[in-house]
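Only this structure's heavy atoms are used, side chains among them; waters, hydrogens and symmetry mates stay out.
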Amino acid sequence: MIGPMRDYWLCKLFYDLQSPAAVAEYRAERDKVLDRYRIGAEVRKALAENDVPFLAQRTNAYLLRYYFFATGMKDEEFKRRLRHG
Amino acid sequence: MASFAGAFAASHGPLLIREWEAVPRGEQSRLKNAFEELGRRLKSANPDALIVVSPDHWSNFSLDNYPAVCLGVGAVNEGPPEPWMKGFAHREIAGHPELALHIAGQAMRGGFEPSVSHRLKLDHGACIPLWRMGLDTLPKIVPMLLNSIEPPMPSLRRCFDWGRLLRQSIESYPEPIRVAILGTGGLSHSIGEPTMGAIYEDFDHETIRRFSSSEDSLLSYLEDELPRRGNGSEEVRNWLVAHGAAGGRGFELVDYLPVPTVIVGCGFASWRAS
């Protein structure tokens, strides 16, 4: 396989959240935003629980890092979760 | 005919801006000097146009379509979209559509198939070096977005060959202008993966050493090592384009220093135009 499999809708969410307005809306009304994407129940649960390793298997690493930066997780916490769940 | 005015390379890690005040003074000073030295060399080369080779950090492309290579052929491109890049003075950046379209045509005739865009956003990858090099006025910028972010990526050999193609395209462009190349990114770093924050100094030093050896030695080393040296290290592809344009010769290291605060092995280099 030449490239990894991706969860398209998760990646699209992370991509769209690069807009400051979009991320502000997401932080205020997460469920409303998530309803616009065809994100599966397992992935939605992982988002709710900040399950970094689970999400890391389904998206690009730069998008993953951006998402947690934009939603307010400190880098040290992000790295800890990446390594240890 | 146009002439090749030289090639340059510089790191572009976002934390060079976002965490600048947290960088220890000694490292700040070396980074500042390295960027400014590159700026002096670029000004001395006096280019009318600068081809900037950088990845697209999801600023233009998404999983809907992520091209291996995209040439910016527009008259104007946009400045960086990242909110923390607001300090960069250029919100619109002039392109050189005639040169860019000439390169695209040469590429198609030569068996390369870039995509083209008539309006790109030039994110921090292109703009941090342009900013920190202290250029008062920018030459016309031809962006070349080369995928080193999302697999599959162009092969290392292909990136080197892209450099050769750029050189041939410059030297066959009919107007008497001077054109330089700036490759950005690298050296080692790791973003959003379990090794995030790692800097592989041994890899960086050996890569730098091999830029002064044969291209086969350099490419072979990178083929073997890149898969385990952090995803950000893939950006060395942009240096390979610069190296290919210089004919694989004339590499001069300006400075290298690992900077943990910005989580990048920061490298700065130029190639003599010969």
Engaged part of A/Y66 at the chain B interface, taking heavy atoms whose separation is under 4.5 Å: neither
To the nearest 0.5 Å, atom CZ of A/R65 lies from atom CG of B/N231 at 10.5 Å
After noting the C-alpha distance and the side-chain angles of B/R18 and A/F69, does the key distance pass the side-chain contact (heavy atoms from CB on, under 4.5 Å) rule? CA-CA 12 Å; B/R18 282 170 34 205; A/F69 166 72; 3.1 Å; yes
A/E25, CD: over 12 other non-hydrogen atoms inside 6.0 angstrom: yes
So how far is it from A/L82 CG to B/M196 CE, rounded to the nearest 0.5 Å? 7.5 Å
Where do B/G192 and A/L64 come nearest, in terms of heavy atoms and distance? O-CD2, 3.8 Å
I'd like to know whether CZ of B/R25 has more than 12 heavy-atom contacts from other residues, nucleotides or ligands below 6.0 angstrom. no
Would you find more than 12 non-hydrogen atoms of other residues, nucleotides or ligands less than 6.0 Å from A/R30 atom CZ? yes
Quick one: pull up CG in B/D64 and OH in A/Y8 and give me the separation to the nearest 0.5 Å. 3.5 Å
Is any side-chain heavy atom of B/L63 less than 4.5 Å from a side-chain heavy atom of A/R6? yes
Could you grab the distance from atom CH2 of B/W58 to atom SG of A/C11, nearest 0.5 Å is fine? 6.5 Å
Residue B/F61 versus chain A: region with a heavy atom under 4.5 Å: backbone
Examine whether an atom of B/T195 lies under 4.5 Å from a heavy atom of chain A, and if so say whether it belongs to the side chain, the backbone or both; otherwise answer neither. backbone
Region of A/D16 that comes under 4.5 Å of a non-hydrogen atom in chain B: neither
To the nearest 0.5 Å, tell me how far B/S62 OG sits from A/N60 CG. 11.5 Å
Interface residues of residues 142-165 of chain B facing chain A - non-hydrogen atoms under 4.5 Å apart: B/I149, B/E150, B/P151, B/P152
Considering only residues two or more places apart or on different chains, which pairs with a residue in residues 25-60 of chain A satisfy ring-ring contact (aromatic ring centres under 6.0 Å, His included)? A/Y26-A/Y67
Could you state the interatomic distance from OG (B/S59) to OH (A/Y15), rounded to the nearest 0.5 Å? 7.5 Å
